[in-house]
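For reference, the structure is listed below as structure tokens.
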Amino acid sequence: MEEPNYHAEREAILQDVLKVFCEKGDVHAVREAGRKIVDLQAAGEARHKQMLESIKELSRQVDHAKQEHAEQKVSLLNPAQKQRLLEEHGRVHDNIKKLRQETEGLREKVHTVEGKARELAMREQQIKQEESVEVPRARHTISLYANISSIRWDYNSENVKGWITGASGSGLKAFELDPSKHSQYFITNCLWDLMDNC
């Protein structure tokens, strides 16, 4: 019968292995978020350019309306024409004001998104740094305990999958457990049972 501290150490290593398998999604989520941020920035820039063109066009319309107004004033416009031009001028002015507000709002959104992008980039860098340290260490530990425990892991599977060989090399048992359906405690106990019965 194994000593109790050896049993606890093997159980801790198996739980570390399960943790490494379960945390791979963080890097993918950060990268996907980074791509979405780039897409949002591109859309924001396109919208900004479109608004600038609209502002330029509206400015041209205002200049043209002012010129027409001046010419018609000289030729003593009747009150109905003056009223129509004033209304048109007011609409153009309101449109320019609205576009400027939209541009300012878009700038704030871009600024916010850039801040989030910086945070995500720093988080991705942290994850890569942690991964560069933890993954080799975990693999070394896994390799060491795989040799001791006679477990051979299938690293290509999304699940906890592999084979356990008996101490004499006579028995071989396959296992595959879904970490989304089973707790770490259950998986650890299941692996212990397979090792004891092999």
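As the structure is a prediction and not an experimental result, all values here were calculated from the model. Numbering of residues begins at 1 and proceeds along the displayed sequence.
Atom CG of L194 is separated from atom CD1 of I164 by 4.5 Å, given to the nearest 0.5 angstrom. Within the model, atoms NE2 of H64 and OG of S59 stand 14.5 Å from one another, a figure rounded to the nearest 0.5 Å. One distance of note links CD of Q129 with CD of E134; it measures 11.0 Å at 0.5 Å rounding. Atoms CD and CD1, from E53 and I55 in turn, are 10.0 Å apart once rounded to the nearest 0.5 Å.
Listed by chain and number, the residues in a salt bridge (charged side-chain N to carboxylate O under 4.0 Å, His left out) with E114 amount to none (sequence neighbours excluded). With sequence neighbours excluded, the residues forming a ring-ring contact (aromatic ring centres under 6.0 Å, His included) with H182 are F186, listed by chain and number.
V92 and L85 are not part of a single hydrophobic cluster, where members link through side-chain heavy atoms under 4.5 Å apart. Hydrophobic clustering, with ILVMFWY side chains joined whenever heavy atoms are under 4.5 angstrom apart, keeps I127 apart from V133.
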### Task
Using the salt bridge (Lys or Arg N to Asp or Glu O under 4.0 Å) rule, take E57 and R60 through it: C-alpha gap first, then chi angles, then the decisive distance, then the call.
CA-CA 5 Å; E57 178 58 31; R60 282 193 291 271; 2.7 Å; yes
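In E87, the CD atom is crowded: over 12 heavy atoms of neighbouring residues, nucleotides or ligands sit closer than 6.0 Å. Summarising the local packing, CD of Q126 is surrounded by more than 12 heavy atoms from other residues, nucleotides or ligands at distances under 6.0 Å.
Using a 4.0 Å cut-off between charged side-chain N and carboxylate O, K128 and E124 make a salt bridge.
The shortest heavy-atom contact between E176 and S157 is OE2-OG, 3.9 Å. The heavy-atom pair separating V160 from F175 by the smallest distance is O-CD1, 3.7 Å.
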Output side-chain donor-acceptor pairs under 3.5 Å for residues 94-113, partner residues at least two apart or in another chain, one line each.
| unit_1 | atom_1 | unit_2 | atom_2 | d |
| --- | --- | --- | --- | --- |
| E102 | OE1 | R47 | NH2 | 3.0 |
| T103 | OG1 | L99 | O | 2.8 |
| T112 | OG1 | E108 | O | 2.9 |

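No side-chain donor-acceptor contact under 3.5 Å links N159 to the backbone of K161.
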